[in-house]
There are 2 protein chains.
Amino acid sequence: MSKRRTQILRAAVRVIAQDGVRGLRVDKLATEAGVSTALIYYHFKDRSGVLHSALDHINHNALSYTAITLAADPLEQLQEMLLLELQDTDDVRENSIAWGELRASAVFDHDLREALRATTRQRNADVEALLHQAGVTDDPALTAEHLTVLVEGLSERWHSGSITVERAREILTRAVRTLAGQ
Amino acid sequence: MSKRRTQILRAAVRVIAQDGVRGLRVDKLATEAGVSTALIYYHFKDRSGVLHSALDHINHNALSYTAITLAADPLEQLQEMLLLELQDTDDVRENSIAWGELRASAVFDHDLREALRATTRQRNADVEALLHQAGVTDDPALTAEHLTVLVEGLSERWHSGSITVERAREILTRAVRTLAGQ
DNA sequence: TAATCCTGACTAAATTTTCAGTCAAACCGC
DNA sequence: GCGGTTTGACTGAAAATTTAGTCAGGATTA
């Protein structure tokens with residue numbers, strides 16, 4: 001992928017994290033990326049194309065975050081993986097907010113839905129696999145879905161200021177123990 | 001509050017539920033409310049003023065429509081109350097989508113946060129009270145928060161087309177049983 | 001130099017916001 | 001109760017602004 005392209009996408013994540021998908025203006029994006037608006041149209045078909053690619057990019061980021069998990073025990077690994085999205089560091093927060101925005105936008109933008117659905121399914125599958133490894137046999141698919149939904153919900157509450165990260169992490173930790181623990 | 005004003009706000013909720021906060025056009029709102037665009041500026045300072053009032057309005061609605069529960073058993077009552085937001089009827093869907101939009105908007109609009117926080121807290125308290133009645137003694141506040149977050153997450157997934165209502169209800173029902181049941 | 005990358009300047013369309021003015025009802029001194 | 005006056009609710013139309021998207025051509029690099 002071209003250097004410029006990623007430069008623009010990185011800027012897009014920043015803008016989305018700051019103003020939302022709703023607030024993403026091509027003009028502002030150009031300024032943030034330090035390029036002209038025309039260049040954006042050179043690299044992407046249109047605004048919606050930027051959004052789509054940004055979604056991929058965000059998704060990619062999220063995946064790479066979750067790949068850093070080291071724990072040996074699958075249950076611990078699962079917990080670590082889920083908790084990764086609830087970390088108050090600039091990178092994670094930015095990505096998590098952007099990701100939340102894309103989910104929220106998909107409610108009204110049907111074009112985003114398919115991509116979102118695929119990622120969501122993938123994520124569920126990953127969690128389900130870990131649950132399996134951890135020896136959970138009682139409908140692990142449902143538990144997986146429960147947990148991923150919970151992370152999304154906690155994430156949104158955190159970003160909208162209705163809960164602290166610490167509390168969110170506490171709820172999630174406890175949930176893993178209750179739903180998947182022994 | 002003037003009759004016209006509420007008429008406009010009601011229309012705003014409908015428009016927001018259909019097109020989202022970002023998709024609210026003053027013009028379309030006027031048509032939906034059956035008034036002229038100028039009247040909107042007569043009653044509200046500007047577009048952003050309408051949005052703000054509309055989101056307050058939605059916030060109010062969200063509180064009032066959870067009160068209709070009838071079941072005798074507190075656990076059943078709890079389940080009914082939580083499931084209320086996961087019903088595929090026009091009224092509920094509209095309200096639920098609008099409420100989701102409010103939450104999503106609060107991520108970027110700090111003015112909305114206080115109102116949202118209050119409602120969320122109230123909701124948690126209601127659920128916690130029912131858990132108490134149901135004989136849950138092990139950190140009911142945390143369980144309450146877990147459940148309300150879960151409803152929000154499921155709601156958003158449903159509206160963005162990543163899950164069916166039926167599946168969402170299944171997950172929630174099971175969650176209530178697991179977390180609060182015997 | 002030819003392909004690729006990139007920009008300033010621009011346009012068309014969409015959208016918000018203003019404004020001059022209408023109309024009906026309330027108010028007031030008589 | 002009655003002309004005259006003020007006020008609040010409301011509108012049509014147009015101005016002002018915002019925003020996505022285009023295009024002709026300049027720079028860069030292979």
Side-chain angles (χ1 to χ4, degrees), chain A residues 1-58 98 101-102 104-113 115, chain B residues 1-58 98 101-102 104-105 107-109 111-112:
Chain A
M1 191 175 333
S2 93
K3 192 183 153 197
R4 281 302 209 197
R5 221 185 124 89
T6 49
Q7 178 182 344
I8 293 171
L9 287 178
R10 257 199 268 274
V13 176
R14 258 176 283 137
V15 174
I16 290 174
Q18 192 167 65
D19 303 330
V21 166
R22 308 162 165 70
L24 185 140
R25 295 288 119 81
V26 179
D27 202 41
K28 184 167 182 186
L29 170 57
T31 304
E32 177 76 29
V35 301
S36 66
T37 62
L39 186 63
I40 296 188
Y41 289 94
Y42 176 78
H43 284 290
F44 304 90
K45 185 180 174 297
D46 52 18
R47 180 179 178 277
S48 155
V50 179
L51 249 35
H52 264 262
S53 302
L55 172 72
D56 277 356
H57 189 74
I58 289 166
E101 255 298 279
L102 285 166
S105 301
V107 175
F108 306 100
D109 184 344
H110 286 233
D111 288 347
L112 288 175
R113 290 190 173 196
Chain B
M1 195 180 325
S2 91
K3 191 182 155 201
R4 279 304 206 197
R5 223 185 123 89
T6 49
Q7 177 182 347
I8 292 171
L9 288 179
R10 258 199 266 274
V13 176
R14 260 175 280 139
V15 174
I16 289 174
Q18 191 166 68
D19 304 329
V21 167
R22 149 110 155 127
L24 183 142
R25 295 289 116 87
V26 180
D27 199 42
K28 184 167 179 184
L29 170 56
T31 305
E32 178 75 28
V35 301
S36 67
T37 62
L39 185 65
I40 297 190
Y41 288 92
Y42 177 79
H43 284 289
F44 303 90
K45 186 180 171 299
D46 52 19
R47 179 181 177 279
S48 149
V50 181
L51 243 37
H52 223 270
S53 304
L55 293 174
D56 273 357
H57 190 74
I58 289 166
E101 268 293 278
L102 166 62
S105 302
V107 174
F108 305 101
D109 184 343
D111 290 347
L112 290 175

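Every chain is numbered from 1, with letters handed out A, B, ... down the list of sequences. Only this structure's heavy atoms are used, side chains among them; waters, hydrogens and symmetry mates stay out.
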Starting at [atom1] of [X] and ending at [atom2] of [N], how long is that distance when rounded to a whole Å?
X       : N      : atom1 : atom2 : result
B:Ile40 : D:dC10 : CD1   : P     : 12 Å
B:Arg5  : D:dA9  : CZ    : C1'   : 14 Å
B:Leu39 : D:dG8  : CG    : P     : 15 Å
B:Ile8  : D:dA9  : CD1   : C1'   : 11 Å

Determine, for [X] against [Y], whether the closest basic-nitrogen to carboxylate-oxygen distance falls under 4.0 angstrom.
X        : Y       : value
B:Arg10  : B:Glu32 : no
A:Asp19  : A:Arg25 : no
A:Glu101 : A:Arg22 : yes

* **Audit row: A:Lys28, A:Leu24, side chain to side chain contact (heavy atoms under 4.5 Å, CB included) steps and yes/no** => CA-CA 7 Å; A:Lys28 184 167 182 186; A:Leu24 185 140; over 6 Å; no
* Asked: What is the minimum heavy-atom distance between B:Ile58 and B:Leu102, and which atoms define it?
  -> CG2-CD2, 4.5 Å
* To do: Looking only at non-hydrogen atoms, find the nearest pair between B:Gly49 and B:Phe44 and report the distance.
  => O-CD2, 4.2 Å
* Structure fact -> Counted 5' to 3', the first and last nucleotides of DNA chain C within 4.0 Å (strictly under) of a heavy-atom of chain A are C:dT4 to C:dG8
* Test item: B:Val35 and B:Tyr42 side chains (from C-beta on) under 4.5 Å apart, heavy atoms ->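 No; the side chains remain at least 4.5 Å from each other.
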Between the protein and nucleotides 20-22 of chain D, list the N/O to N/O atom pairs that are separated by less than 3.5 angstrom.
| residue | atom | partner | partner atom | Å |
| --- | --- | --- | --- | --- |
| D:dA20 | OP1 | A:Arg47 | NE | 3.3 |
| D:dA20 | OP2 | A:Val26 | N | 3.1 |
| D:dG21 | OP2 | A:Tyr41 | OH | 3.3 |
| D:dG21 | OP2 | A:Arg47 | N | 2.8 |

* Donor-acceptor side-chain pairing of B:Gln7 and B:Arg4 below 3.5 angstrom ->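 Indeed, the side chains of B:Gln7 and B:Arg4 share at least one donor-acceptor pair under 3.5 Å.
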